[in-house]
Q: 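I'd like to ask some things about the structure below.
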Amino acid sequence: MLNINDIMETIKMIQEENLDIRTITMGISLLDCCDSDIDRSCEKIYDKICRRAEKLVSTGEEIEKKYGIPIINKRISVTPIAMILAASGGNPVKYALTLEKAAQTCGVNFVGGYSALVQKGFAAGDEELIRSIPEALTVTDHLCSSVNIGSTRTGINMDAVRMMGGIVRRAAELTADRSCIGASKLVVFCNAVEDNPFMAGAFHGPGEPDCVINVGVSGPGVVRAALAKLPRDAGLTEVADLIKRTAFKITRMGQLVGAEASQRLGVPFGIVDLSLAPTPAVGDSVAHILEEMGLDMCGAHGTTAALALLNDAVKKGGVMASSHVGGLSGAFIPVSEDAGMIDAAAAGCLTIEKLEAMTAVCSVGLDMIVIPGDTTAEVISAIIADEAAIGMVNSKTTAVRVIPAIGKQLGEELDFGGLLGHAPVIRVNTTSPEVFIHRGGRIPAPLQSLKN
């Protein structure tokens, strides 16, 4: 039962503390769109997406009006396109342009799924799609891409890792006149999940239903505001309990919106991803939550411990609020999208090494980090390999979304605009890993993969 205090508290969260639904994402299977003729396949894909997602944006807007809850993004995720390409062959960029056209027709913010799953090796269509990613992200505005190069079960495909270093760099080079935006729409995963509603890594996994609605909630500002009311000498158990209670309220709102969208659109409700997703807006920062716990600045010693507490408490609170929690769920640390992290990186307190340590306990990985434009493909591949190793050994999702700032060096800045924000170029260790990266092959799966 809700009482008047609960209602007023939620209104305050929305009006003053940046509470919102970050995304409603419709996942659409394209497996029935496979065709040996790529042009025919593209027609099927366009028709199915437009049929399924025709009312996605208008439904989101109606729910916003009904409940007064901001829904920032309406998005679509699709079956990894490499799987469709395996049937048709041809130029994969045709699929990219088809997805872009469908996104524009439906009016969504992003469409994700220009993806390949190559954790154990390359199947038909995989290499062709991966090599096309830089061009695909250059000729589209709404398309997002991801590649899964490792998992706890399979180990790490180092041939794919080697390839992705060059792909990330090329995506940045081709969009250098647009703040290297191509690289910001490309994520390299280990242990990618099939029901992630957040971009740029969303795709509709082969184990998902034909069509499904997934919801991603936000709320860093709400958690920080709650912690600000605690005495400075409150114990960390009390801090964790407060975060759990707050995450419960945030997730209940996501559950409400997801169920409503599912009913209106006539498709199954999938999951609530209860991740704390920051924005560059003041008061909507994960870094500021950590600082509210008692750190002078995010990146100081103690940051990883504080983030572990936050991530755990968010998950525990969220799973009590919904029977269908999924996706990534926890705390995101995208540097360019978090006002507190932008400040900490600019001050030199938050380094890429510290961010890597933090990824061992948070939801994703090295996210929206701007690195010097002359960073080599091999160094980028090595960054990917290190992050994948953390995910593989710890049985968790990790990812890399770094943006080489072509033509820029330390101290300069890239500005992406909107939710992607802006970030300073930060230092990267340039000691060469070239011989290690070019060995190729696979890093074997760890012992903990043998669970059967």
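For this chain, numbers begin at 1 and follow the sequence in order.
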Q: Please determine, by modelled atom types, if Asn148 and Gln119 share a side-chain donor-acceptor pair under 3.5 angstrom.
A: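 Yes.
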Q: Would Ser146 and Tyr114 count as having a side-chain donor-acceptor pair, cut-off 3.5 Å?
A: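 Checked: Ser146/Tyr114 side chains show no N/O donor-acceptor pair below 3.5 Å.
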Q: Give every residue pair that meets the ring pair (Phe, Tyr, Trp, His ring centres under 6.0 Å) criterion with at least one member in residues 323-370, sequence neighbours excluded.
A: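 Listed by first then second residue: Phe198-Phe332.
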Q: How would you list all residue pairs meeting side chain to side chain donor-acceptor pair (under 3.5 Å) that involve residues 438-450, not counting sequence neighbours?
A: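 Qualifying pairs: Glu378-His438.
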Q: What do the steps show when you test Arg75 against Thr25 for side-chain hydrogen bond (donor to acceptor under 3.5 Å, both in side chains), and what is the final call?
A: CA-CA 5 Å; Arg75 299 164 171 170; Thr25 300; 5.2 Å; no
Q: Might you confirm whether atom NZ of Lys120 has over 12 heavy atoms from other residues, nucleotides or ligands at distances under 6.0 Å?
A: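 Not more than 12 within 6.0 Å, no.
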Q: Does Asp159 pair with Arg162 as a salt bridge, N-O distance under 4.0 Å?
A: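 Salt bridge flag = yes for Arg162 with Asp159.
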Q: Less than 4.5 Å apart, side chain to side chain, heavy atoms only: is that true for Met392 and Ile443?
A: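 The answer is yes, as the side chains (C-beta and beyond) meet within the 4.5 Å cut-off.
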Q: Does anything in residues 122-133 pair up under salt bridge (Lys or Arg N to Asp or Glu O under 4.0 Å), and if so which pairs, sequence neighbours excluded?
A: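 Passing the test, one end in residues 122-133: Glu127-Arg131.
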Q: Hey, does Cys211 have a side-chain heavy atom less than 4.5 Å from the side chain of Met26?
A: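 Counting from C-beta outward, Met26 and Cys211 do come under 4.5 Å.
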Q: With sequence neighbours left out, which residue pairs that include part of residues 325-350 fulfil the salt bridge (Lys or Arg N to Asp or Glu O under 4.0 Å) condition?
A: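 As it turns out, the salt bridge (Lys or Arg N to Asp or Glu O under 4.0 Å) pairs with a partner in residues 325-350, which skip direct neighbours, are Glu337-Arg401.
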Q: Indicate the atoms forming the closest heavy-atom contact of Val215 with Ile21, along with that distance.
A: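 Looking at all heavy atoms of both residues, the shortest contact is CG1-CG2, 3.8 Å.
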Q: For Lys74, give me all partners under salt bridge (Lys or Arg N to Asp or Glu O under 4.0 Å), at least two apart in sequence or on another chain.
A: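 Checked Lys74 against salt bridge (Lys or Arg N to Asp or Glu O under 4.0 Å); matches are Glu64.
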Q: Does anything in residues 191-215 pair up under side chain to side chain donor-acceptor pair (under 3.5 Å), and if so which pairs, sequence neighbours excluded?
A: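 Matches after skipping sequence neighbours: Lys48-Asp210, Arg52-Asp210, Thr152-Asn191.
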